[in-house]
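One structure is given below, encoded as structure tokens.
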Amino acid sequence: MSSPESNAPVPVAPGLIRLAVDCMGGDHGPSITLPACRAFLAAHPEAGLLLVGQPEALKEARSWPRCEIVPASEVVTMDDPVEVALRRKKDSSMRVAIQQLKAAEGEQPRAQACVSAGNTGALMAVSRYLLKTLEGIDRPAIASVMPNQTGGFTTMLDLGANVDCTAEHLLQFAVMGSALVSAVEGKAEPRVGLLNIGEEMIKGNETIKRAGELLRAADAAGQINFHGNVEGNDIFKATADVVVCDGFVGNVALKTAEGLASMISTFIRIEFSRNLLTKLVALLALPILQRFKSRVDHRRLNGAALLGLKGLVFKSHGSADAVAFETALNRAYDAARNRLLDRVHDRIIATLQAMPATADASLPGESGGAGDKAASAAHAA
């Protein structure tokens with residue numbers, strides 16, 4: 001362990017998977033990220049952490065095993081515009097954490113994945129500017145999981161990075177989502193569904209219809225396992241393992257699901273609190289209620305992957321508590337341990353080779369999503 005005054009890097013043990021953590025990002029900063037990091041280290045003896053932030057705020061972690069403090073003098077706030085994060089705060093904890101994924105010439109990167117609870121638009125912009133996108137990927141996408149009735153999860157993307165997408169973008173999202181589920185959940189051929197207003201091929205706008213054609217062609221070429229069109233309720237029925245949509249639709253679906261879960265929990269609490277009898281019934285039903293709460297607990301779902309970059313970046317909710325932030329760390333660790341970056345790259349290249357017409361078919365999208373803002377801001381920077 002290096003001394004507090006030294007910036008000398010700690011040697012990386014063979015086989016050790018390191019995560020770079022933006023400890024200053026989010027609504028709560030080190031008061032949440034540090035307890036989560038400590039719990040993560042205790043649960044993962046083969047993991048190491050680079051804790052990025054203002055050294056004085058991270059001083060309690062100086063003696064932690066498999067841990068190094070990486071100084072950064074600035075913080076990207078939740079209200080900072082993308083341009084501020086990119087052009088003015090070049091020593092922010094967010095930017096320095098992402099830089100740990102870039103390898104110096106002839107060397108390996110210091111970290112295999114990065115986790116931040118900071119501003120989503122800024123995180124996407126800085127990540128895209130520093131890391132660039134993988135060959136064959138036009139736009140990164142935000143992918144996360146939603147609970148389904150089987151007790152498992154359905155992976156959904158894009159959840160807000162790109163408001164307007166072409167059919168080719170949706171194909172790329174499908175390939176990246178398949179790689180994510182295959183790597184993290186161990187499913188060799190995850191089922192991919194295209195979110196639509198009906199299951200029939202004739203449903204949807206022209207972009208969705210064209211995306212359906214590309215996805216069926218990719219399925220025929222053996223690149224993905226395309227189930228077909230799915231509707232909103234299929235997300236929770238586990239009809240598909242991966243659900244693909246543009247960022248506008250995906251973000252609306254995500255926020256709607258979160259609001260519905262919160263409303264149901266509130267209704268249950270109100271009904272069981274009405275009088276002495278209902279409170280007594282609540283005590284009897286407490287084990288069931290606790291299991292229900294666990295199944296819809298948003299903290300179990302925290303940690304969205306920014307797919308399509310030349311580095312693994314994971315976004316935690318800005319309001320995450322220590323349990324939720326640790327979940328994001330776990331997701332990043334699983335992705336790095338299972339070589340998600342290589343799998344996404346290999347699948348994209350294989351798909352482009354099998355479907356050469358899609359390689360140059362992508363069209364520039366309209367601005368509006370976090371990914372689109374990131375692209376324009378990064379270009380300006």
Side-chain angles (χ1 to χ4, degrees), residues 12-22 33 36-51 66-67 97-98 100-101 108-117 123 127 131 134 140-148 150-157 159 173 175-192 238 241-243 294-295 297-317 320-347:
V12 179
L16 191 74
I17 294 176
R18 260 187 169 175
L19 307 182
V21 184
D22 169 15
T33 57
C37 287
R38 186 159 200 167
F40 171 82
L41 285 170
H44 297 84
E46 295 185 353
L49 295 178
L50 299 176
L51 304 182
R66 295 172 280 117
C67 190
I98 296 168
Q100 307 308 304
L101 304 181
Q108 293 295 316
R110 300 203 61 218
Q112 286 76 53
C114 171
V115 181
S116 174
L123 184 65
S127 297
L131 302 175
L134 288 168
I142 299 174
S144 191
V145 295
M146 301 181 75
N148 59 49
T150 68
F153 302 103
T154 300
T155 296
M156 193 169 177
L157 71 165
L159 294 180
F173 297 168
V175 175
M176 293 190 295
S178 294
L180 174 62
V181 173
S182 178
V184 176
E185 299 184 25
K187 296 181 179 178
E189 296 295 334
R191 297 161 298 161
V192 176
D241 301 303
V242 179
V243 173
S294 176
R295 294 187 71 166
D297 188 353
H298 64 87
R299 297 179 302 175
R300 294 194 314 135
L301 314 177
N302 192 39
L306 274 57
L307 295 178
L309 299 166
K310 293 180 180 178
L312 294 177
V313 179
F314 279 75
K315 170 70 174 71
S316 165
H317 281 300
D321 63 10
V323 173
F325 195 81
E326 185 185 354
T327 300
L329 293 172
N330 290 335
R331 293 194 185 281
Y333 174 78
D334 287 341
R337 181 169 57 90
N338 290 291
R339 297 176 51 254
L340 174 60
L341 195 62
D342 292 337
R343 294 189 184 211
V344 170
H345 175 268
D346 293 346
R347 278 188 180 247

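With rounding to the nearest 0.5 angstrom, the CD atom of Q100 is 11.5 Å from the CG atom of D22. Summarising the geometry, atom CG belonging to L180 is positioned 13.5 Å from atom CZ belonging to F173; distances are rounded to the nearest 0.5 Å. Rounded to the nearest 0.5 angstrom, L49 CG and I17 CD1 are separated by 11.5 Å. For the atom pair L101 CG and Q112 CD, the distance stands at 8.5 Å (nearest 0.5 Å).
When L306, I98, L312 are each tested for a side chain to side chain contact (heavy atoms under 4.5 Å, CB included) with L131, only one passes: I98.
In this structure, the side chain to side chain donor-acceptor pair (under 3.5 Å) partners of N148, at least two apart in sequence or on a different chain, are T150, T154. Listed by chain and residue number, nothing satisfies the side chain to side chain donor-acceptor pair (under 3.5 Å) test with S127 (two or more places apart in sequence, or in another chain). Residues meeting the side chain to side chain donor-acceptor pair (under 3.5 Å) test with D241, sequence neighbours left out: K187, R191. Under the salt bridge (Lys or Arg N to Asp or Glu O under 4.0 Å) criterion, D346 pairs with no residue, sequence neighbours left out. Take R300 and apply the salt bridge (Lys or Arg N to Asp or Glu O under 4.0 Å) test, not counting sequence neighbours, and it matches no residue.
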Stepwise side chain to side chain contact (heavy atoms under 4.5 Å, CB included) test for V184 and R331: CA-CA 8 Å; V184 176; R331 293 194 185 281; 5.5 Å; no
Residue pair I142, K315: steps toward the side chain to side chain contact (heavy atoms under 4.5 Å, CB included) verdict: CA-CA 9 Å; I142 299 174; K315 170 70 174 71; 5.9 Å; no
Side chain to side chain contact (heavy atoms under 4.5 Å, CB included) assessment of F325 paired with V21: CA-CA 10 Å; F325 195 81; V21 184; 3.7 Å; yes
Derivation of the side chain to side chain contact (heavy atoms under 4.5 Å, CB included) call for L340 and L307: CA-CA 9 Å; L340 174 60; L307 295 178; 4.0 Å; yes
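Inter-residue side-chain proximity for T155 and E185 is flagged as met; some heavy-atom pair is nearer than 4.5 Å.
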Report, one line per pair, each donor and acceptor closer than 3.5 Å where one atom sits in a side chain of residues 36-46; sequence neighbours left out.
{"from": "H44", "atom 1": "ND1", "to": "F40", "atom 2": "O", "distance (Å)": "3.0"}

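Between P190 and V181, the shortest heavy-atom contact is CB-CG1, 3.7 Å.
Distance alone, capped at 3.5 Å, is enough to place a donor-acceptor pair between the R343 side chain and the N338 backbone.
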